[in-house]
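Take a look at the structure set out below.
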There are 2 protein chains.
Amino acid sequence: MVDDVLPKQATNIADDDASDASHCFVAKLFGKRARNREAQEERILNAAMTCFIRSGFRGASMNEICSEAGMSPGALYRYFPSKEAIIEKISAAHRQQSAEILDRMSESDNIVDAVTRVGVDHVRKMSLNATGPGPRDSSARLFVEVRAEAMRNEGVAAICELHEGLMRDTLLAAFSAAKERGEIDPVTDLELLVATLAAMGEGIIMRNFPSQGVPVEALEPVFRALAEAMLRPTKTIAHK
Amino acid sequence: MVDDVLPKQATNIADDDASDASHCFVAKLFGKRARNREAQEERILNAAMTCFIRSGFRGASMNEICSEAGMSPGALYRYFPSKEAIIEKISAAHRQQSAEILDRMSESDNIVDAVTRVGVDHVRKMSLNATGPGPRDSSARLFVEVRAEAMRNEGVAAICELHEGLMRDTLLAAFSAAKERGEIDPVTDLELLVATLAAMGEGIIMRNFPSQGVPVEALEPVFRALAEAMLRPTKTIAHK
DNA sequence: TAAATGAGAGAGAACGTTCTCTCTTTTTTG
DNA sequence: CAAAAAAGAGAGAACGTTCTCTCTCATTTA
């Protein structure tokens, strides 16, 4: 369920019990033990995400997370050294999810379509229920939480900067290509364009419109208008 | 300094010491005592804002606020019943500041100019230093903090809803008037337009571009392009 | 002098984390 | 292959710290 957010790791290589290999050191990496450890880590991260969405990074206590995971503190601390570490892991996973959506930009051959699609996909993904009942528990909450945390937590700030740098690069590459294809006004400042478009998109994502009754489909033309406006400014500015 | 954010209250009515009135009950409202109380409250709120910007709502402790205000806990709790109350007061003040910027929309006779101006004013105001040294301490941080808090704190959520409702109404009124003047495509869904424009603006405000080297002036054409695109879509935003 | 104000110790709860101990699984040894 | 030893996993009490908030008592003000 939260596989969506948590990055997959290459664990299913030795799928069936190669129990004979137990004396060899490879067992350390691919054996039952290791697989169980990863399962437990994921269990903890799932619980933590639920709690963080419900109560916030600071608001959720380790006991709350332990209860949610059905685990004692002693057990939990065997897998993560601190609350900080869990926060960072969750932040990174959540940010990476965004980056992955961006990676599919190149699938559209038209820059306006690409931007529109990224926006819509993003909103759709973020409004999905992470674990639970109502739409109020969507992972869009985590978006705000991560951003707030990044303002004071150095570790989270670094994680954000890393992922957002990658996202900026992806966007910039797509925009440069589009500019050369003549889809973007040649005088446009691409750096500024990327930064502001990203900020505007984030604003919409944080608002979590789907949870307020505005369906994702209704946002499609909004994103399209936005993309057209920002990518072909000559047309619009000349309007006046 | 933080008068910017804290709402003015009608205190300067009895400006010079009407000290003789101290036995009459009016003194309770306008006497030295009352004025001192307000001064102390403001001192506390200033300190709290500094701390909240530095450490976040949850991250800042009451002791930290007391130190910043140069005050003991016993003294502070004479003026505010709880940390919650301070958080709510600061949130309300910060949101009201936004609403005030919107109130000047009607000063522009052109809807695109008005939207552009509101956006620019907003960014400028939010990027101002609230109290201290670097641009990293701008009150834009509080914007994110308030939004995150509103997701779980019922009181803050109510405050946000109140102020944002007022802001929506102001925008909606301005847009309706513009629509009748023929400045906006008649098929546009104004409700959706207001909601998405506000969200996009918030996204830019939260990013606090001025603190990252992008001057407010550079954002002016961005806001203008955005406004033009969203307000004259003709073919795009025609939902409903 | 009576009321308002403030300082500061500290109560009581909650926090993140660690410690000790038990139970199970795996590895080594005879 | 069976017994012994080691390692791993987990539970839960307990630790020291920090939190918000209160209480007592001294000082200031009208």
Side-chain angles (χ1 to χ4, degrees), chain A residues 17-44 47-48 51-52 55-89 149 153 155, chain B residues 14 17-44 47-48 51-52 55-89 153 155:
Chain A
D17 298 5
S19 41
D20 287 346
S22 50
H23 49 44
C24 129
F25 97 105
V26 180
K28 274 240 141 150
L29 292 169
F30 301 118
K32 258 189 208 163
R33 275 263 148 83
R35 247 173 300 136
N36 183 258
R37 165 163 271 271
E38 274 177 43
Q40 293 291 67
E41 279 178 12
E42 192 165 313
R43 182 152 139 245
I44 292 168
C51 294
F52 288 153
S55 317
F57 283 148
R58 299 292 230 264
S61 73
M62 290 303 267
N63 266 334
E64 189 184 334
I65 297 173
C66 288
S67 296
E68 184 74 34
M71 206 179 252
S72 66
L76 190 148
Y77 272 89
R78 196 167 281 280
Y79 297 96
F80 289 93
S82 66
K83 190 184 181 184
E84 256 287 301
I86 299 180
I87 290 177
E88 289 185 8
K89 200 95 176 178
E149 186 69 17
N153 182 326
Chain B
D17 297 5
S19 41
D20 286 347
S22 50
H23 48 45
C24 125
F25 97 105
V26 180
K28 274 236 140 142
L29 292 169
F30 301 117
K32 257 189 205 163
R33 276 264 149 78
R35 248 174 299 134
N36 185 260
R37 166 165 269 270
E38 274 176 42
Q40 294 289 65
E41 279 177 11
E42 192 166 313
R43 181 151 140 245
I44 293 168
C51 294
F52 288 154
S55 318
F57 284 147
R58 298 293 229 263
S61 72
M62 290 305 266
N63 268 333
E64 189 183 334
I65 296 173
C66 287
S67 297
E68 184 73 32
M71 207 179 251
S72 66
L76 190 147
Y77 271 91
R78 194 168 284 277
Y79 297 97
F80 288 94
S82 66
K83 189 184 182 184
E84 257 286 300
I86 300 180
I87 290 177
E88 288 184 9
K89 199 96 177 178
N153 182 326

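Quick note: numbers below take in every heavy atom, side chains included, and nothing from hydrogens, waters or symmetry partners. A, B, ... follow the sequence lines: proteins, then strands. Residue 1 opens every chain.
Between Ile65(B) and Cys51(B), the shortest heavy-atom distance links the atoms CA-SG, 3.8 Å.
Here side chain to side chain donor-acceptor pair (under 3.5 Å) pairs that include residues 67-81 of chain A, with residues two or more places apart or in two chains, are Arg54(A)-Glu68(A).
Scanning residues 73-82 of chain B for heavy-atom distances under 4.0 Å to DNA chain C yields Pro73(B), Gly74(B), Ala75(B), Arg78(B), Tyr79(B). Within residues 59-68 of chain B, no residue has a heavy atom under 4.0 Å from DNA chain C.
Residue Glu41(A) contributes atom CD, which lies 13 Å from atom C1' of dA9(D) at whole-angstrom precision. Straight-line distance from the CZ atom of Arg58(A) to the C1' atom of dT18(D): 13 Å, rounded to whole Å. Taking atom CD on Glu84(B) and atom C1' on dC19(D), their separation rounds to 15 Å, with Å as the unit. In this entry the distance linking CZ of Phe57(B) with P of dC19(D) reads 17 Å, nearest Å. What separates CE of Met71(B) from C1' of dT5(C) is a distance of 10 Å, to the nearest Å. Residue Arg37(A) contributes atom CZ, which lies 10 Å from atom P of dG8(D) at whole-angstrom precision. Straight-line distance from the CD1 atom of Ile87(B) to the P atom of dC21(D): 9 Å, rounded to whole Å.
Between Phe52(B) and Ile86(B) there is a side-chain heavy-atom pair separated by less than 4.5 Å.
No hydrogens or angles considered: nothing links the side chains of Arg37(A) and Gln40(A) as a donor-acceptor pair under 3.5 Å.
For Ser55(A), the side-chain hydrogen bond (donor to acceptor under 3.5 Å, both in side chains) partners at least two apart in sequence or on another chain are Glu64(A). For Ala69(A), the side-chain contact (heavy atoms from CB on, under 4.5 Å) partners at least two apart in sequence or on another chain are Ala47(A), Met71(A). With sequence neighbours excluded, the residues satisfying salt bridge (Lys or Arg N to Asp or Glu O under 4.0 Å) with Arg58(B) are Glu149(B).
The distance from the CD atom of Glu84(A) to the CG atom of Asn153(A) is 4.5 Å, given to the nearest 0.5 Å.
Between the Lys83(A) side chain and the Ser61(A) main chain, no donor and acceptor come within less than 3.5 Å of each other.
For the OP1/OP2 pair of dA11(D) and a distance below 4.0 Å, the side-chain nitrogens and oxygens of Ser72(A) include at least one atom meeting the criterion.
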